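Here it is, the structure, as structure tokens.
Just so it is clear, the structure is predicted and the values come from calculations on it, not from any experiment. Naming convention: chains lettered A, B, ... in sequence-line order (proteins, then strands); numbering from 1 in each chain. In what follows, every heavy atom counts, from backbone to side chain, and hydrogens, waters and symmetry copies are set aside.
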Amino acid sequence: TIGAVACDSRGHVAAATSTGGLTAKRWGRIGDSPLIGAGTYADDRAGAVSATGLGESFIRAVAAHELCAQIRIGGEGLRAALDAVLADVGALGGTGGLIAVGPNGESAWGFTTPGMYRASAGPEGRQVAIYAE
Amino acid sequence: MTWKLVIHGGCGAMRPENVTAEQEELARAGLNLALDAGEAILASGGAALDAVEAAARALEENPAFNAGRGSVLTADGHVELDAAIMDGSDRRAGAVAGMRTTRAPIAAARAAMEHSPHVLLTYEGADRFAAEQGIEQVDNRWFVTPERQAQLDRIMAAGGKFDTDIKYG
């Protein structure tokens, strides 16, 4: 699974996710990536989110929308909302990762697997990483 | 207002001891190419929606990642593609699932958002819609790489339970 979230200079956010799913899947199984609100969500009132991991848990947690709702309704910060959603996914038995950006250009990422291919760019420069720091 | 782009190439059981230096280098190079594609749009005042599509397209084309070409394989050995895109300014969204012949899944998702009255299109219908929108169609084998075929072979030889540990995704 791959994903991208962005905030532009007008404060608009957007999210994109694309995947081949899980190896050896059958029966027409679809994970969270194409389900709006689960693996992909964007709302200028909160932020943009893309997920990767065991899709079934991200679907049940409605992860991407939940992260935005914790910000929009709960008043949480981006980092705290992301950590809370990853913990919720874990409580449902799943592992994976999230990337998120806010309409003010703030960003966060987190993952509960040994590694996540991730990178960011902004006027301040770039970061590229794979393993837990 | 400042711009920002964040991308991921998937998560899983990768550790320094099970990722070769060459795989790591390919992944880092792929991530940087995707940042190049999105940054070129954002740094010149472009839209977040265009930037995430451009970055996702760069990653879909890169066989190092599980999307587009280089996707993992289903139990019966073919590739099924899913994608979604969403614009935070008005919460329009487009998504596709189960596609087999559309080269650019994220472009098909965006076409679903902008040129159909629906959000989610699936399987043959989604491929047919993408073809009608002029999005390139390829044979399903175009997406398959020897590495992914070998991963499927290993899983099937071990009993065929799908990859819940996300060893390969």
Side-chain angles (χ1 to χ4, degrees), chain A residues 1-26 28-31 33-36 39-44 48 50 52-54 95-97 99 101 103 105 107 109 111 113-123 126 128 130-131, chain B residues 1-16 27-28 31-32 35 38-39 42 45 47-49 51-53 55-56 59-60 65-67 71-72 74-75 79-89 91 93 95-97 105-106 119 151-152 155 160 162-163 166 168-169:
Chain A
T1 304
I2 62 96
V5 293
C7 167
D8 61 34
S9 53
R10 287 177 296 281
H12 295 314
V13 297
T17 311
S18 184
T19 188
L22 289 175
T23 305
K25 70 177 187 151
R26 60 185 80 223
R29 179 263 184 194
I30 299 292
S33 298
L35 303 185
I36 297 300
T40 310
Y41 197 72
D43 179 348
D44 279 3
S50 176
T52 172
L54 191 60
T95 57
I99 59 171
V101 67
S107 65
W109 56 39
F111 53 99
T113 48
M116 177 164 83
Y117 293 120
R118 60 200 187 280
S120 69
R126 286 190 176 187
V128 178
I130 297 179
Y131 311 111
Chain B
M1 186 61 65
T2 182
W3 61 270
K4 185 77 176 186
L5 173 66
V6 184
I7 62 175
H8 70 76
C11 68
M14 53 274 220
R15 292 181 170 83
R28 288 179 182 276
L31 291 170
N32 269 303
L35 289 180
E39 181 168 342
L42 291 167
L49 186 68
V52 296
E53 181 184 10
L59 293 167
E60 285 177 338
F65 303 107
N66 173 25
S71 286
V72 298
T74 63
V79 162
E80 281 185 2
L81 303 162
D82 310 335
I85 194 166
M86 187 164 187
D87 185 340
S89 67
R91 284 186 285 162
V96 290
I106 199 67
V119 172
Q151 289 171 355
L152 176 65
I155 283 200
F162 78 95
D163 180 21
I166 331 173
Y168 303 124

> Is the closest basic N to carboxylate O distance between B:E80 and A:R29 below 4.0 Å?
Replying inline: no
> So which heavy atom on B:V72 is nearest to which on A:G21, and how close?
Replying inline: CG2-O, 3.3 Å
> Does A:Y41 offer a backbone N or O that forms a donor-acceptor pair with the side chain of B:R91 under 3.5 Å?
Replying inline: no
> Rounded to the nearest 0.5 Å, what separation is found between the OG atom of A:S33 and the CG atom of B:L81?
Replying inline: 11.0 Å
>> Whether the A:S18 and B:E60 side chains hold a donor-acceptor pair (N or O, under 3.5 Å, no angle test) is what I'd like checked.
In response: yes
> Can you name the closest pair of heavy atoms from A:P114 and B:G12 and give their distance?
Replying inline: CD-O, 3.2 Å
> Pick from B:A56, B:A55, B:S89, B:A27: which one has the most heavy-atom pairs with chain A under 4.5 Å?
Replying inline: B:S89
>> For the CE atom of A:M116 and the CE atom of B:M14, what is their distance to the nearest 0.5 Å?
In response: 8.5 Å
>> The criterion is side-chain hydrogen bond (donor to acceptor under 3.5 Å, both in side chains); which residues satisfy it with A:D8, sequence neighbours excluded?
In response: none
> For chain B, which of A:I99, A:L35, A:T40 has the most heavy-atom pairs under 4.5 Å?
Replying inline: A:I99
> Considering all heavy atoms of both residues, which atom of B:G9 and which atom of A:I2 are nearest to each other, and what is their separation?
Replying inline: CA-CG2, 4.0 Å
> Tell me, side chain or backbone of A:A48 under 4.5 Å from chain B's heavy atoms, or both, or neither?
Replying inline: neither
>> Applying side-chain contact (heavy atoms from CB on, under 4.5 Å) to A:I36 and B:V119, what does each step give before you reach the verdict?
In response: CA-CA 9 Å; A:I36 297 300; B:V119 172; 3.9 Å; yes
>> Using the rule given for side-chain contact (heavy atoms from CB on, under 4.5 Å), can you reason through A:V5 versus B:K4, listing the C-alpha separation, both sets of side-chain angles and the distance that settles it, and then say yes or no?
In response: CA-CA 8 Å; A:V5 293; B:K4 185 77 176 186; over 6 Å; no
> Heavy-atom distance under 4.5 Å to chain B: side chain of A:V101, backbone, both or neither?
Replying inline: side chain
> Do B:R28 side-chain atoms and A:V128 backbone N/O form a donor-acceptor pair below 3.5 Å?
Replying inline: yes
>> Under a 4.5 Å cutoff for heavy-atom pairs, which residue among A:G31, A:A119, A:G105 has the most contacts with chain B?
In response: A:A119
>> Check whether B:D82 reaches the backbone of A:I30 with its side chain - one donor and one acceptor, N or O, closer than 3.5 Å.
In response: no
> Quick one: salt bridge (charged side-chain N to carboxylate O under 4.0 Å, His left out) partners of A:D43, sequence neighbours excluded?
Replying inline: A:R45, A:R72
>> Could you report the tightest heavy-atom contact between A:P34 and B:A83, atom names first, then the distance?
In response: CB-O, 3.7 Å
> Are any non-hydrogen side-chain atoms of B:T74 and A:R26 less than 4.5 angstrom apart?
Replying inline: no
>> Only pairs of heavy atoms separated by less than 4.5 Å count here; which of B:V52, B:I85, B:L59 has the most with chain A?
In response: B:V52
> Any side-chain heavy-atom pair from B:W3 and A:C7 closer than 4.5 angstrom?
Replying inline: no
> Among B:G45, B:A93, B:A75, B:P105, which has the most heavy-atom pairs under 4.5 Å with chain A?
Replying inline: B:A75
>> Only pairs of heavy atoms separated by less than 4.5 Å count here; which of A:A14, A:G122, A:A121 has the most with chain B?
In response: A:A121
>> Rounded at 0.5 Å granularity, tell me how far CD1 in B:I155 sits from NZ in A:K25.
In response: 13.0 Å
>> As a quick check of understanding, evaluate side-chain contact (heavy atoms from CB on, under 4.5 Å) for A:T19 and B:N66, giving each step before the final call.
In response: CA-CA 6 Å; A:T19 188; B:N66 173 25; 3.7 Å; yes
>> If we define contacts as heavy-atom pairs under 4.5 Å, which of B:V96, B:L5, B:L42 has the most with chain A?
In response: B:L5
>> With a 3.5 Å distance limit and no angle check, can you tell me whether A:R118 reaches the backbone of B:C11 through a side-chain donor-acceptor pair?
In response: no
> From B:H8 NE2 over to A:S120 OG, what is the distance, rounded to the nearest 0.5 angstrom?
Replying inline: 13.5 Å
> chain A heavy atoms under 4.5 Å from B:V79: which part of the residue, side chain, backbone, both or neither?
Replying inline: neither
